[in-house]
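Step one of this worksheet: look at the structure below.
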Amino acid sequence: MHTEERTFIAVKPDGVQRGIVGDIIKRFETKGYKIVGLKMLQVSNEQAEAHYAEHKGKPFYPALIKYIQSGPIVAMVLQGYNVVAGARHLMGATDPDSAEAGTIRADFAQLKEYNVVHGSDSVESAEREIKIYFNENELCNNGKSMSELVIEHLDNV
Ligand code: IDP
Ligand code: MG
C-alpha cells in the first residue's frame with residue numbers, strides 16, 4: 001500500500017567527536033525508520049570526492065573534503081516510507097541557523113560548515129551514495145521492523 005525506500009545518512013566527524021551519535025540515531029529510530037546498514041569508518045579521499053562530486057569547484061569544496069575526512073563518520077542506511085524526504089525533514093536546513101527548532105541541525109549544530117549530519121537529497125542520490133559506502137552484503141533486511149508491522153496491521157484492520 002505504501003512504498004518503502006532507502007536513504008544514506010552519516011553522522012559527520014563533528015557529531016562523532018562530540019559524542020552525539022546516539023542522540024542523532026535516536027531521532028531516526030524514534031520516527032520508525034529501520035536501520036539496514038550501520039558502521040563507523042574513516043572516509044577515504046576517493047569516497048569523499050565521489051560523495052561530494054556535485055560540489056566540485058564551489059568555494060567550500062576543499063574545506064568540505066577536509067571536514068568529512070577529519071575523523072571517523074558513522075554511516076548508515078535507513079529504510080522506511082518516504083524516508084529520503086522524511087530524513088531530510090528531521091535533519092533540517094543545511095545552515096543550522098535556518099533550520100527549524102526541533103530538527104537535528106537546529107538542535108545540535110551552530111555552523112553550516114559543521115552541521116553534524118548528512119542525508120541523501122533524492123532516491124537517485126541515495127542509491128549512488130549507498131554504493132560509495134556499503135557493499136550489498138553489509139545491508140541486513142531480514143525481518144520487519146515494529147513500525148512496518150504496525151503500519152501493515154493498521155492497513156488491514
Ligand atoms: P546538504 O548537506 O543539506 O544536502 P549541500 O548543499 O548538499 O547541503 O552541501 C553539502 C555540505 O557542504 C553541507 O552539509 C555543508 O556541510 C557544506 N556546505 C554547504 N554549503 C556550504 C557553505 O556555503 N559553506 C560551507 N560549507 C557548506
Ligand atoms: Mg546535499
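Atoms within a ligand are numbered from 1 in the order they appear, just like the ligands themselves.
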*Do the rings of Tyr133 and Phe8 sit parallel, tilted or perpendicular, given the 30° and 60° boundaries?*
parallel
*So, for Val84 and Ala126, which heavy atoms are closest and what is the spacing to 0.1 Å?*
CG2-CB, 4.4 Å
_On a heavy-atom basis, which atom in Leu38 and which in Phe134 lie closest, and how many Å separate them?_
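Taking Leu38 first and Phe134 second, the nearest heavy atoms are N-CE2, 3.7 Å.
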Show me a pair-per-line table, with atom names and distances to 0.1 Å, of protein N or O atoms that are under 3.5 Å from an N or O of ligand 1.
{"unit_1": "ligand 1", "atom_1": "2 (O)", "unit_2": "Arg105", "atom_2": "NH2", "d": "3.1"}
{"unit_1": "ligand 1", "atom_1": "3 (O)", "unit_2": "Thr94", "atom_2": "OG1", "d": "2.6"}
{"unit_1": "ligand 1", "atom_1": "3 (O)", "unit_2": "Arg105", "atom_2": "NH1", "d": "3.0"}
{"unit_1": "ligand 1", "atom_1": "4 (O)", "unit_2": "Arg88", "atom_2": "NH1", "d": "2.7"}
{"unit_1": "ligand 1", "atom_1": "7 (O)", "unit_2": "His55", "atom_2": "NE2", "d": "2.9"}
{"unit_1": "ligand 1", "atom_1": "8 (O)", "unit_2": "Thr94", "atom_2": "OG1", "d": "3.2"}
{"unit_1": "ligand 1", "atom_1": "9 (O)", "unit_2": "His55", "atom_2": "NE2", "d": "3.4"}
{"unit_1": "ligand 1", "atom_1": "14 (O)", "unit_2": "Lys12", "atom_2": "NZ", "d": "2.9"}
{"unit_1": "ligand 1", "atom_1": "14 (O)", "unit_2": "Asn115", "atom_2": "ND2", "d": "2.9"}
{"unit_1": "ligand 1", "atom_1": "16 (O)", "unit_2": "Lys12", "atom_2": "NZ", "d": "3.1"}
{"unit_1": "ligand 1", "atom_1": "16 (O)", "unit_2": "Lys112", "atom_2": "O", "d": "3.3"}
{"unit_1": "ligand 1", "atom_1": "16 (O)", "unit_2": "Asn115", "atom_2": "OD1", "d": "3.4"}
{"unit_1": "ligand 1", "atom_1": "23 (O)", "unit_2": "Lys112", "atom_2": "NZ", "d": "3.4"}

*Just by distance, do the side chain of Glu129 and the backbone of His51 share a donor-acceptor pair under 3.5 Å?*
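The answer is no, because no donor-acceptor pair under 3.5 Å joins these two groups.
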*With distance as the sole test, does Arg105 use its side chain to make a donor-acceptor pair with the main-chain N or O of Ser98 at under 3.5 Å?*
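Flag not set: sc Arg105 to bb Ser98 has no pair under 3.5 Å.
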*asked:* My understanding is that only residues two or more places apart in sequence, or in another chain, count here; which of them pass ring pair (Phe, Tyr, Trp, His ring centres under 6.0 Å) with Tyr114?
replied: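 Tyr67.
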